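Each chain gets a letter, A, B and so on, in the order its sequence line appears, and its residues count up from 1. Being a predicted model, the structure only gives us computed values, none of them experimental.
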Protein chains: 2
Amino acid sequence: MATRIFIVDDHYMIIEGIKSLLQNEKGIEWMGHAMNAASCMAFLQMHTPDIILLDINLPDKSGIELCKEIKVSFPKINIIGLSSFNQQSYINKIMENGASGYVLKNATREDLVDAIEYVMEGKKYLSEEAAFIIKKNEGSKIPILTRREKEVLLLIAEGMTNNEIATKLFISTTTVDTHRKNLLAKFEAKNTATLIRMATQHAFI
Amino acid sequence: MATRIFIVDDHYMIIEGIKSLLQNEKGIEWMGHAMNAASCMAFLQMHTPDIILLDINLPDKSGIELCKEIKVSFPKINIIGLSSFNQQSYINKIMENGASGYVLKNATREDLVDAIEYVMEGKKYLSEEAAFIIKKNEGSKIPILTRREKEVLLLIAEGMTNNEIATKLFISTTTVDTHRKNLLAKFEAKNTATLIRMATQHAFI
DNA sequence: CACACAATCCCCTAAAAACAGGATTTTTAG
DNA sequence: CTAAAAATCCTGTTTTTAGGGGATTGTGTG
């Protein structure tokens, strides 16, 4: 039985590229594509692919969010993350949210086919580069922020002072200061500049 | 005579996608691809395409740099910028460096064909979204930084204080402070957080 | 040769952030 | 239920930034 593949990506060129790369592969059935999260979920009401190739960046919501939702509603569908970015944060996040693999957009046809085969066998697949990134950054962890910390972080990035943030969130300035301290500690940053740089690098902003 | 197209991109899927989108177009001759700046320049020693589709992000150097170099050595070749990012800074920069057009990677086949036709007629082409971005941000210019300001900016982003930067650059702390003030003014940022965010958004960091 | 501009330096004040300790009350998850 | 985690608040001090003024020297361009 052929492996049914569905792809969710908002780039025509990528959709065409993958279609083209896979079209002569035996045992692979192309089910089509969606260009956003909403139409992906609509498609899944009617059809059941074996594997979804899922872009990290979608217009209506993050691929990571969508991945989580798909796995809740359709746990049997395997998901392979797809993106241009070889950032550890993305790779980790989508794998933690139930994806079975991760492939960079500069993958070759062989990489793609390997990924699909591995995943269909129930194994996890990480492209070489993705695995390398993970390994390289084994020590430097991505901080886990609480709801409130994320909120404060974004307001800091907006250029607001502790005082302004306190007013906006209806809490005391000292509380904001505490959150700020915790953010600095979690990112191992010694000041705001490093904090914001780290946060953008880890895709928090 | 057919329009000879060459593409420089490090993503197989994009190369395949564009090839697939263009393969049935009349009057377009596919010359092949390069996956980095070096092999692109090597190719150009032997062949002369009419149009190069050039990715902004290449492994060995930025597409913007490569664009400039190509236009110096081969001024007759027209270049169309290509990227996933609809950031004003990229669009502006590559157009300033001699590109004749800019297309986002979520372009349709029609967009691509339009771009190629326009450029072959000697006109400039901006995809709808790119034009929108440019128009939207007409007022908010990208600051022009001096050599020293860039240097100081990077050190601020590293988390260094004015004092540390002064020591590192063998200048007075007050001088660093002056540069810092100018940076804040140029970015219209009221504090370090906004400064760093703006700088990363405009690809200075 | 002017003139703009970059780079350098200075003073002063006020505001904000960083550092160092706490402590209490909710929430959440096992 | 209970222990851990999160969110809240506090009192200090020191360091760093931000904002307001200046000023001098060199460099390159019209």
Side-chain angles (χ1 to χ4, degrees), chain A residues 65 68 71-72 89 92-93 96-98 141-202 204-205, chain B residues 96 140-202 204-205:
Chain A
E65 266 304 304
K68 197 193 290 182
K71 290 305 278 190
V72 168
S89 45
N92 274 344
K93 275 185 191 157
E96 279 165 15
N97 280 289
K141 313 137 198 166
I142 299 160
I144 294 162
L145 304 186
T146 67
R147 196 195 91 254
R148 207 52 156 172
E149 282 165 356
K150 282 180 196 165
E151 218 169 342
V152 171
L153 174 59
L154 290 182
L155 296 178
I156 293 173
E158 293 283 323
M160 295 175 75
T161 65
N162 289 345
N163 236 307
E164 291 165 343
I165 296 171
T167 307
K168 171 142 192 167
L169 298 182
F170 304 106
I171 55 179
S172 154
T173 309
T174 61
T175 307
V176 179
D177 190 54
T178 304
H179 287 312
R180 193 177 198 125
K181 280 180 206 166
N182 292 335
L183 283 166
L184 288 174
K186 285 190 179 181
F187 280 99
E188 292 176 58
K190 64 170 269 204
N191 58 27
T192 304
T194 322
L195 174 64
I196 299 296
R197 187 170 56 83
M198 298 292 228
T200 50
Q201 275 172 6
H202 289 311
F204 282 103
I205 295 172
Chain B
E96 279 164 16
S140 70
K141 311 139 200 165
I142 300 162
I144 294 162
L145 303 185
T146 67
R147 196 194 90 254
R148 206 53 154 174
E149 282 164 356
K150 283 180 195 165
E151 218 170 342
V152 171
L153 174 59
L154 289 181
L155 296 178
I156 293 173
E158 292 284 321
M160 295 175 74
T161 67
N162 290 345
N163 235 307
E164 290 165 343
I165 296 171
T167 306
K168 171 141 191 167
L169 298 183
F170 304 108
I171 55 180
S172 155
T173 308
T174 62
T175 306
V176 179
D177 189 53
T178 305
H179 288 312
R180 193 177 199 126
K181 282 178 200 167
N182 292 335
L183 283 166
L184 289 174
K186 286 190 178 181
F187 280 99
E188 293 175 56
K190 65 171 267 206
N191 58 30
T192 305
T194 322
L195 174 65
I196 299 296
R197 188 170 54 82
M198 298 291 225
T200 50
Q201 275 172 6
H202 289 310
F204 281 103
I205 293 170

Find out whether [X] and [Y] are in side-chain contact, i.e. whether some heavy atom of one side chain is under 4.5 Å from a heavy atom of the other.
X: A:T175; Y: A:R148; result: no
X: A:T167; Y: A:M160; result: no
X: A:V152; Y: A:L169; result: yes

Fill in the blank from the handout: So CD1 of A:I165 and CZ of A:R180: to nearest 0.5 Å the spacing works out to 6.0 Å

Problem - Spacing of A:N163 atom CG and A:T173 atom OG1 [to the nearest 0.5 Å] - result: 4.0 Å

Handout entry: Residues touching DNA chain C, which here means a heavy atom under 4.0 Å, drawn from residues 173-198 of chain A
Key = A:D177, A:R180, A:K181, A:L184, A:K190, A:N191, A:T192

Handout entry: Any residue of residues 144-171 of chain B with a heavy atom less than 4.0 Å from an atom of DNA chain C
Key = B:T146, B:R147, B:R148, B:I171

Fill in the blank from the handout: The complete set of salt bridge (Lys or Arg N to Asp or Glu O under 4.0 Å) pairs with one or both residues in residues 154-172 of chain B, sequence neighbours excluded, reads A:K190-B:E164

Problem - Partners passing side-chain hydrogen bond (donor to acceptor under 3.5 Å, both in side chains) against B:S172 (at least two apart in sequence or in another chain) - result: B:T174

Exercise for the section: Using side chain to side chain contact (heavy atoms under 4.5 Å, CB included) as the criterion, list what pairs up with A:A189, not counting sequence neighbours. Expected result: A:L184, A:F187, A:T194, A:L195

Practice task
Using atom types as modelled and distance alone, determine if a side-chain donor or acceptor of A:N97 lies under 3.5 Å from a backbone N or O of A:K68.
Solution key: no

Problem - B:N191 (side chain) donor-acceptor with A:G159 (main chain) under 3.5 angstrom - result: yes

Problem - Terminal axis angle for the helix from C:dC1-D:dG30 to C:dG30-D:dC1, five pairs an end, nearest 10 degrees - result: 70°

